[in-house]
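Read through the structure below, which is laid out as structure tokens, and then see the notes.
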Amino acid sequence: MPLEFAPNSADALDLHVIAKGEVEDWLAGQPDRVRNWVTAQGFDGALGASLVIPDANGHPEMALAGYGTPDARRRTRYVLAAAAVGLGRGTWRIASGLPAEDAEVEALGWLLAGYGFSKYADQTPKVGSLIAPEGVDAARIEVLAAAEARTRDLINIPTEHMGPADLEQAARDLAAEHGAKIDVTVGEDLLTNNFPMIHTVGRASASAPRLIDMRWGDSGPKLTLVGKGVCFDTGGLNLKPGSSMGLMKKDMGGAANVLGLAHAIMALGLPLQLRVLVPAVENSVSSNSFRPQDILTSRKGLTVEINNTDAEGRLVLADALALADEDKPDLVISMATLTGAARVAVGPDLAPYFATTPELANAVATAAVTAADPVWQMPFHDPYEKMIEPGIADLDNAPAGGFAGAITAALFLRRFVTDTPRYAHFDIYGWQPAAAPGRTKGGAMQGVRAILGALPELLDL
């Protein structure tokens, strides 16, 4: 169902947001009937607690939502979403207690609590509708919710129905929705048009590799988004074990996230020129799979020694980033489910990112706090450059030693962005491993709201 706010209605019920320790103060102004009910039910304002209060005839009259303590709120991203699931159906209006500075994030969390991946079985949560709190930009929040739902859906769909051709169709649908232009280079045409590494990684699949190129907007600063679209990753000839292959439908999470971000940018009508590049491939095993010790020549002319066919994401991104760089945009951002090292470093909840300028890094970090979209800056550590230089070729796609894997991958990508001073790379997980308020288990959007919030400062919008 659409993640939208309810229209204002006289039938809506009041919802009072009450922090732990403030219940008695609120009850002091209530009639005995309400005080007795709340006391009998033991509602104490704990985070996630909810209580529907009946009128004298037993019908719902109002409700309370626990807002917890400051420490509890710091450990939970969407507090109201935690309470919303206990209120059942109906339409609710925030009547008191929600701090104005929290209203936008909490309203978004409520909408996201209504998301369920229902393509194959109905998983729609039983969450009531919310009237947009006073003072928030309701239309913008609905756009953010729609962008996240689109991203989650794309990741959640299995590769059987989200291979390279399906990902192309998803991009075409998005382009049609917003009047964007799209061009797709497929199969052997990748070689003709000098995208050799995209072709090499994807050539073993029955679904031909392709580069999706979408453009929108004809004035303003230029922003190019590049998303890793590996629709499934077997590891290639360096075959993954089954335990590592189980979630590989999400290896196109970078593409899903940039498409979600693109939707938000276009739906909000930001005054910029947007380009989205998605190398869409499946890293499969066949007689024509690329091999360890192969040396590939990239679009940029740099040669790459293949020391692990399971380090394929940086190869397809490299050709796409080289194309992005040729246009010399004002800002290039890549997003990819790229390295296990990033997960070891910061876990699944944080989106580590690398930035070529302090201005870029600081803008993203500041916007992330406001948007409740946690990120963590990692360094482009120049002394590690020698780790990605094998000697026999310009670059090594999988340096030996096991150290600094996220950093060396980011350094590898930076080699292909030489004419665009401002470049950021996000090494996201793209998956919520366990359900949490406002976040179902499954595909996840990470870093998108932080980027969106930083764009006005970075591009002077």
Side-chain angles (χ1 to χ4, degrees), residues 1-4 77-78 81 85 108-127 142-174 177 205 207 212 225 227-234 240 242-264 276 278 280-283 313 335-338 340 343 347-349 351 373 426-449:
M1 69 177 192
L3 304 184
E4 298 174 349
R77 194 174 306 176
Y78 301 121
V85 296
L108 173 62
W110 185 297
L111 293 188
L112 293 177
Y115 171 83
F117 179 60
S118 298
K119 182 176 176 64
Y120 303 99
D122 185 13
Q123 300 186 65
T124 305
K126 295 179 180 179
V127 177
E142 288 179 340
V143 166
L144 295 178
E148 184 146 355
R150 183 187 295 263
T151 296
R152 292 183 187 183
D153 279 348
L154 289 174
I155 297 172
N156 284 330
I157 296 172
T159 308
E160 180 183 13
H161 299 135
M162 191 49 64
D166 303 291
L167 186 54
E168 174 191 335
Q169 187 59 53
R172 288 190 181 278
D173 292 344
L174 179 63
E177 183 178 337
S205 173
S207 182
I212 301 162
L225 307 175
K228 174 185 169 184
V230 178
C231 295
F232 196 86
D233 181 18
T234 65
K240 292 178 183 289
S243 59
S244 299
M245 209 182 299
L247 277 181
M248 282 301 100
K249 70 174 184 178
K250 78 170 186 67
D251 213 21
M252 41 66 71
N257 271 261
V258 299
L259 291 175
L261 176 54
H263 168 75
V276 179
V278 173
V281 303
E282 184 176 354
N283 187 21
M335 304 190 81
T337 53
L338 202 62
R343 309 287 73 76
D349 199 40
D373 189 11
F426 286 73
D427 191 342
I428 64 173
Y429 190 46
W431 191 261
Q432 178 69 26
R439 294 176 287 158
T440 53
K441 180 180 179 180
M445 191 171 80
Q446 294 184 286
V448 166
R449 295 196 307 278

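Between the Asn156 side chain and the Gly443 main chain, a donor and an acceptor come within less than 3.5 Å of each other. Side-chain N or O atoms of Ser207 include none that pairs as donor or acceptor with a backbone N or O of Gly163 at under 3.5 Å. One N or O on the side chain of Thr151 and one on the backbone of Ala256 form a donor-acceptor pair closer than 3.5 Å. Looking only at distances, no side-chain donor or acceptor of Glu282 sits under 3.5 Å from a matching main-chain atom of Phe232.
Using a cutoff of 4.0 Å between basic side-chain nitrogens and carboxylate oxygens, Lys228 and Asp251 are scored as salt-bridged. Looking at Glu160 and Lys249, no side-chain N of the basic residue comes within less than 4.0 Å of a carboxylate O on the acidic one, giving no salt bridge.
In this model, no donor atom of one side chain and acceptor atom of the other lie less than 3.5 Å apart for Thr234 and Asn283. Looking at Tyr429 and Asp349, their side chains never bring a donor and an acceptor atom within 3.5 Å of each other.
Between the OG1 atom in Thr159 and the CE atom in Met162 there is a gap of 9.0 Å [rounded to 0.5 Å]. We find the NZ-CD distance between Lys250 and Gln432 to be 12.0 Å, quoted to the nearest 0.5 Å. Note: Arg439 CZ to Tyr78 OH = 7.0 Å, rounded to the nearest 0.5 Å. For the atom pair Ile155 CD1 and Met445 CE, the distance stands at 10.0 Å (nearest 0.5 Å).
Within the 4.5 Å cutoff, no side-chain heavy atoms of Met252 are placed close to those of Val278. At least one side-chain heavy atom of Pro158 sits less than 4.5 Å from a side-chain heavy atom of Tyr120. Between Arg449 and Leu144, some side-chain heavy-atom pair lies under the 4.5 Å cut-off. Taking 4.5 Å as the limit, every side-chain heavy atom of Leu338 sits out of range of all side-chain heavy atoms of Phe426. Looking only at side-chain heavy atoms (C-beta outward), Leu259 and Leu167 come within less than 4.5 Å of each other. Side-chain contact between Arg152 and Trp431: absent, with no pair of heavy atoms (C-beta onward) separated by less than 4.5 Å. With a 4.5 Å cut-off on side-chain heavy atoms, Leu3 and Glu142 do not count as touching. The shortest side-chain heavy-atom distance between Thr440 and Phe117 does not fall under the 4.5 Å cut-off.
Nearest heavy-atom pair across Cys231 and Pro164 is SG-N, 3.5 Å. Nearest approach of Ile157 to Lys119, heavy atoms of both residues: CG1-CD, 3.9 Å. Here the closest heavy-atom approach between residue Leu174 and residue His263 is recorded as CD1-CB, 3.7 Å. When all heavy atoms are compared, the tightest approach of Ile428 to Gly253 is CD1-O, 3.9 Å. Closest heavy-atom contact between Pro125 and Ala113: CG-O, 3.3 Å. Scanning all heavy atoms of the two residues, the minimum distance from Ala171 to Ile212 falls at CB-CG2, 3.8 Å.
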Item to check | Trp110 and Val127: CA distance, side-chain angles, deciding distance, side-chain contact (heavy atoms from CB on, under 4.5 Å) verdict | outcome: CA-CA 8 Å; Trp110 185 297; Val127 177; 3.9 Å; yes
Next on the checklist: side-chain contact (heavy atoms from CB on, under 4.5 Å) for Arg343 and Asp427? Distances and angles first, verdict last.
Outcome noted: CA-CA 9 Å; Arg343 309 287 73 76; Asp427 191 342; 3.7 Å; yes
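Of the listed residues (Leu112, Asp153, Val448, Asn257), just one forms a side chain to side chain contact (heavy atoms under 4.5 Å, CB included) with Glu148, and that residue is Leu112.
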